[in-house]
Amino acid sequence: MEGNSGGSGGNDVELLCKTLQVEHKLFYFDLKENPRGRYLKISEKTSATRSTIIVPFSGISWFLDLFNYYVNSDDQDVCSKELQLDTKAFYSTVFYFDIGENRRGRFLKVSEASVSRNRSTIIVPAGNTQDEGWAAFRNILAEINEASRLFMLPNQQGSEASEHLVGLSDDVGAGFIAGHSSQPASSSELNMNRPVELPAHDEMGLTKVMRVDQKRFFFDLGSNNRGHFLKISEVAGTDRSSIILPLSGLKQLHETIGHFVEITKDRMEGMTGANVRTVDPPQR
DNA sequence: ACGGCGA
């Protein structure tokens with residue numbers, strides 16, 4: 001697959017590259033973008049071998065959560081986890097997280113099994129000291145997770161930010177499946193993570209206010225440890241109601257709205273002016 | 001400096 005069509009990704013834009021050395025292994029983190037969306041390529045390189053997994057954009061915060069789980073859990077408590085990500089309408093990728101141990105020490109095996117690629121695996125040594133191995137890996141994921149959110153902040157670009165979001169959401173929802181352990185992989189055990197060194201994880205990244213007649217609609221981009229979401233609130237008088245749309249559904253929403261824009265075009269003509277507008281909220 | 005995985 002060295003050709004330019006399909007999966008090679010050679011022409012994809014590199015947004016961010018990071019390198020991590022753990023013992024004698026080198027890990028390369030490449031946040032990349034192509035017209036179909038963003039993804040994180042993680043490569044493990046030794047002098048003899050190279051192995052790569054591709055993490056869909058929507059999976060980055062899940063990887064962060066999982067590494068937090070393995071970093072923060074007691075050795076005897078950790079269990080295997082599976083992370084399933086539906087990346088398109090018809091394909092999904094499953095990542096298997098398994099702990100292993102041999103005379104070299106403990107390691108975390110992360111396997112990617114997807115329809116479109118052969119199964120591939122990276123193995124991350126636990127490391128001896130606190131900032132080696134899993135913790136260092138986790139820290140890189142945290143940096144990438146933060147940085148990827150900064151890409152969509154409205155800096156000077158104003159409304160352009162919302163267009164970028166559509167490209168991000170090529171990847172569709174995520175959910176944990178219980179691993180080989182008896183207990184289900186409840187979200188609560190993942191909420192035990194204490195990412196104290198991270199900036200506020202659930203802070204709203206972007207807000208827009210839309211006025212239509214007497215109503216106001218707030219669009220708040222947020223994220224928590226379950227991923228990114230768009231909160232749309234309707235405020236009329238003292239009543240407020242909200243819907244929470246996982247960012248993975250944003251593209252569908254966009255397409256659905258596009259459908260209604262299309263079929264109501266005739267009636268919409270001449271209505272784009274005074275009573276329908278979208279503004280940026282005042283800075284806080 | 002390793003070496004795990006799985007073919």
Side-chain angles (χ1 to χ4, degrees), chain A residues 1-3 6-9 17-32 39-87 91-142 144 171 174-183 185 189-190 193:
Chain A
M1 263 217 292
E2 290 302 308
S8 87
C17 298
K18 288 182 180 293
T19 309
L20 170 68
Q21 183 172 354
V22 182
E23 296 169 7
H24 91 291
K25 274 185 181 174
L26 268 178
F27 291 95
Y28 298 96
F29 299 77
D30 296 308
L31 184 65
K32 291 194 162 198
Y39 62 90
L40 178 63
K41 187 176 100 173
I42 305 178
S43 290
E44 164 201 308
K45 186 183 176 306
T46 65
S47 52
T49 64
R50 175 188 278 269
S51 185
T52 296
I53 61 172
I54 301 292
V55 183
F57 188 81
S58 64
I60 295 175
S61 58
W62 291 97
F63 262 62
L64 175 57
D65 289 344
L66 279 161
F67 269 86
N68 262 321
Y69 163 74
Y70 285 108
V71 167
N72 292 329
S73 299
D74 290 333
D75 294 0
Q76 62 275 16
D77 294 338
V78 294
C79 62
S80 298
K81 298 282 185 194
E82 294 182 17
L83 170 63
Q84 176 161 11
L85 301 168
D86 293 325
T87 53
Y91 299 108
S92 72
T93 304
V94 183
F95 293 93
Y96 300 92
F97 290 74
D98 292 293
I99 298 286
E101 182 160 16
N102 60 20
R103 62 193 181 286
R104 305 269 184 212
R106 277 156 51 81
F107 57 86
L108 179 62
K109 178 175 62 120
V110 183
S111 270
E112 172 197 358
S114 61
V115 179
S116 51
R117 292 160 46 81
N118 289 330
R119 191 177 181 122
S120 53
T121 299
I122 62 170
I123 292 176
V124 186
N128 299 316
T129 61
Q130 192 54 250
D131 284 329
E132 226 178 47
W134 298 348
F137 203 100
R138 184 271 317 271
N139 293 341
I140 301 257
L141 287 173
I144 290 170
D171 305 312
F176 279 110
I177 301 170
H180 323 324
S181 80
S182 52
Q183 58 193 155
E189 63 180 293
L190 287 155
N193 301 334

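Proteins come first, then strands; the chains are lettered A, B, ... in the order of their sequence lines, and each starts at number 1. The figures that follow rest on heavy atoms only: side chains count, while hydrogens, waters and symmetry mates do not.
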Might you list the N or O atoms of the protein lying below 3.5 Å from N or O atoms in nucleotides 5-7 of chain B, with each pair's distance?
residue: dG6(B); atom: OP1; partner: Lys109(A); partner atom: NZ; Å: 3.1

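Annotation: salt bridge (charged side-chain N to carboxylate O under 4.0 Å, His left out) contacts of Asp75(A) (sequence neighbours excluded): Arg106(A). The salt bridge (charged side-chain N to carboxylate O under 4.0 Å, His left out) test applied to Lys25(A) returns Glu44(A), not counting sequence neighbours. In this structure Ser47(A) satisfies the side chain to side chain donor-acceptor pair (under 3.5 Å) test with no other residue, sequence neighbours excluded. With sequence neighbours excluded, the residues forming a salt bridge (charged side-chain N to carboxylate O under 4.0 Å, His left out) with Lys18(A) are Glu143(A), listed by chain and number. Every residue two or more places apart in sequence or in another chain that forms a ring pair (Phe, Tyr, Trp, His ring centres under 6.0 Å) with Phe137(A) is listed here: Phe27(A), Phe29(A), Phe67(A). Applying the ring pair (Phe, Tyr, Trp, His ring centres under 6.0 Å) test to Phe63(A) and every residue at least two apart in sequence or in another chain returns Phe95(A), Phe97(A). Here Thr19(A) pairs with nothing under the side chain to side chain donor-acceptor pair (under 3.5 Å) rule; sequence neighbours left out.
For the pair Leu83(A)/Val94(A), no side-chain contact is recorded, criterion being any heavy-atom separation below 4.5 Å from C-beta on.
Remark: Glu23(A), His24(A), Lys25(A) in residues 21-30 of chain A come within less than 4.0 Å of DNA chain B through at least one heavy atom.
Taking atom CD of Glu132(A) as the reference point, atom P of dA1(B) lies 13 Å away to the nearest angstrom.
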